[in-house]
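The structure appears below as structure tokens.
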Amino acid sequence: MSLHEKFEAGMADCDIEAVASCFHEDFQMIMHSDGGSALSKADWKKMFSSVIDKLRRDDVRCIYENDDIMVVHFIGIFPNGARDAVMWVGTKKDGLIIRAETGSTSLSY
């Protein structure tokens, strides 16, 4: 099973521990919407554990994955009805995601 498949299985099951197991202990998620601050693995788990069952992602597909990187695209649908096209990029170390960044474009008009 690829890391992307493992990650997506955890997301489908709303299993925060399964998703977090895909992250390196030194994981950082860069928050561009917050001036470039970074969430640690523990911070990510705390933040996403309360919303993982509320996240809706359609048309999820892995654009590319190798030993160094995982690039995923999906349509994110938010509780307020907003829809974004999201590019999620995770760089890897030791077979796990060590850094994640996203970019999104609003599809709501």
Original post:
Under 3.5 Å, is there a donor-acceptor pair between the side chain of D15 and the main chain of E17?
Top reply: yes
Subject >> Between CG on residue D84 and CZ on residue R57, distance to nearest 0.5 Å >> reply: 13.5 Å
Subject >> I63: hydrophobic cluster co-members (side-chain, 4.5 Å) >> reply: Y64, I69, V71, M87, V89
Original post:
Any ion pair linking E25 and K93 (charged N to carboxylate O, less than 4.0 Å)?
Top reply: no
Subject >> Minimum heavy-atom distance between A18 and S21, given as atom pair plus value >> reply: O-OG, 2.6 Å
**OP:** Can you see which heavy atom on G10 is nearest to which on V19, and at what distance?
**Re:** C-CG2, 3.5 Å
Original post:
Linking I/L/V/M/F/W/Y whenever any side-chain heavy atoms sit under 4.5 Å apart, do L96 and I30 land together?
Top reply: no
Original post:
Within a strict 4.5 Å, meaning less than it, do heavy atoms of the T105 and R83 side chains meet?
Top reply: no
**OP:** Supply the atom-to-atom distance T91 OG1 to H24 NE2, rounded to the nearest 0.5 angstrom.
**Re:** 10.5 Å
**OP:** Kindly state each residue pair satisfying ring-ring contact (aromatic ring centres under 6.0 Å, His included) with at least one member in residues 70-94, sequence neighbours excluded.
**Re:** F7-W88
Original post:
Less than 4.0 Å between a side-chain N and a carboxylate O, is that true for E101 and R99?
Top reply: yes
Subject >> For F23, all residues meeting ring-ring contact (aromatic ring centres under 6.0 Å, His included), sequence neighbours excluded >> reply: F27, W44
Original post:
Does I77 belong to the same Ile/Leu/Val/Met/Phe/Trp/Tyr cluster as M11, with side-chain heavy atoms less than 4.5 Å apart forming each link?
Top reply: no
Subject >> Euclidean distance, R61 CZ relative to I75 CD1, rounded to 0.5 Å >> reply: 7.5 Å
Original post:
What do the steps show when you test K92 against L3 for side chain to side chain contact (heavy atoms under 4.5 Å, CB included), and what is the final call?
Top reply: CA-CA 10 Å; K92 296 179 177 180; L3 189 60; 3.7 Å; yes
**OP:** Say whether, by atom type as modelled, one donor and one acceptor occur between the side chain of E8 and the main chain of E5 under 3.5 angstrom.
**Re:** no
Original post:
In Å, rounded to the nearest 0.5 Å, how long is the span from CG of N66 to OG of S2?
Top reply: 12.0 Å
**OP:** Consider only side-chain heavy atoms of I, L, V, M, F, W and Y, link residues closer than 4.5 Å, and tell whether L107 and V86 are in one cluster.
**Re:** no
Original post:
Should the pair R56-D58 be classified as a salt bridge under the 4.0 Å nitrogen-to-oxygen rule?
Top reply: yes
Original post:
To the nearest 0.5 Å, what is the distance between NZ (K41) and CD1 (I98)?
Top reply: 11.0 Å
Original post:
To the nearest 0.5 Å, what is the distance between CG (D13) and CG (D53)?
Top reply: 12.5 Å
